Colleague: 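Before we start, here is the structure in question, set down as structure tokens.
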Amino acid sequence: MLRLMHVHAHPDDESSKGAASTVKYVHEGVDVHVVTCTGGERGSILNPKMERPDVLANITEIRRAEMEAAREILGVTQHWLGYVDSGWPEGDPKPPLPEGCFGLVDPEEAAEPLVRLIRSVRPHVVTTYDENGGYPHPDHIMCHQVSMVAFEAAGDPDRFPDAGEPWKPFKLYYQHGFNRPRSVAIHEAMEAEGLESPFAERLQEWKPDPAHDARITTRVPCGEYFEVRDRALIAHATQIDPDGFFFKAPLALQQRVWPTEEFELVVSRVESPLPEDDLFAGVRGRDDLD
Ligand SMILES: [Zn+2]
């Protein structure tokens, strides 16, 4: 049985990044695990319908329940790493991060629970964010750092010797789902159909970065699972406005214009010619899989 592990910063990231690929692999019988580094305790409420005092007072419990609903919809096993959300620092200059938060941990130490999980789940493929976190939230950047330490340390018997039997995953990927070319393609298709594009403003501020786009190595076809992805996102009711940005582009248009999710292969211990369309390329069908 193939095993895939996604490492994410907050509850909801597993549904907003690479979620349709997740569902596709679950559908194929892959054992998919989502690791959530923080509890999302400092996430702002991004859905006006949930902006209520009772929600604010119980945000940690509510986000746990939302995550439970999302993981049921996606069909994954989910693990909390137990770190505390850093929050999005607002202001100029930005205020210091709150004491004890995930953004301030030492990744060399904080990798231990993730090493333990990698050694017990034994994923063949691991995904995380790039060095910029995908977007510069301190928890996303720390998620990258902790993932990189854990990915290497998990296979090294001299590192964290009390955290289980060493395990070396075959491949490591960065998530690239929010790439500019995708936004441009959907934006242009919406304009062509006379629809109001939610990307117009963003694209003006989002400068082209061909070097970053060129890092994409892997496009996973997963359009038929966009509907499930959207249901998982909506389960994060405090974070996602069902009338908001995410849902403005009609599903059929997305499926026609951009039916894939993108990844960057960063480490591979198997032969897998690029570009590829499968996170398990070079892994699938090996006779030494265990
Ligand atoms: Zn996040």
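Whatever order the structure lists them in is the order used to number ligands and atoms, beginning at 1. Note that the structure is a prediction, hence the values are computed from the model and not measured.
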Colleague: What count do you get for protein N, O or S atoms closer to the Zn ion (ligand 1) than 2.8 Å?
Modeller: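 Of the protein's nitrogen, oxygen and sulfur atoms, 4 lie under 2.8 Å from the Zn ion (ligand 1).
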Colleague: Give a yes or no on whether a salt bridge exists between R63 and D12, defined as a side-chain N under 4.0 angstrom from a carboxylate O.
Modeller: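 A salt bridge is present here (some side-chain N lies under 4.0 Å from a carboxylate O).
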Colleague: Are more than 12 heavy atoms from other residues, nucleotides or ligands located less than 6.0 Å from atom CD of E165?
Modeller: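 Not more than 12 within 6.0 Å, no.
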Colleague: According to the side-chain hydrogen bond (donor to acceptor under 3.5 Å, both in side chains) rule, which pairs have a member within residues 36-48, sequence neighbours left out?
Modeller: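 Every pair satisfying side-chain hydrogen bond (donor to acceptor under 3.5 Å, both in side chains) with a residue in residues 36-48: T36-Q78.
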Colleague: Taking NZ, NE, NH1 and NH2 as the nitrogens, is one of them in E112 or R116 under 4.0 Å from a carboxylate oxygen of the other?
Modeller: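 Judged by the 4.0 Å cut-off on N to carboxylate O distance, E112 and R116 do form a salt bridge.
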Colleague: V121 and M5: which non-hydrogen atoms are nearest, and at how many Å?
Modeller: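 Distance-wise, the nearest heavy atoms are CB-CE, 3.8 Å.
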Colleague: Before accepting this row, confirm whether a basic side-chain N of the pair R219/E264 lies closer than 4.0 Å to the acidic partner's carboxylate O.
Modeller: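 So R219 does not pair with E264 through a salt bridge.
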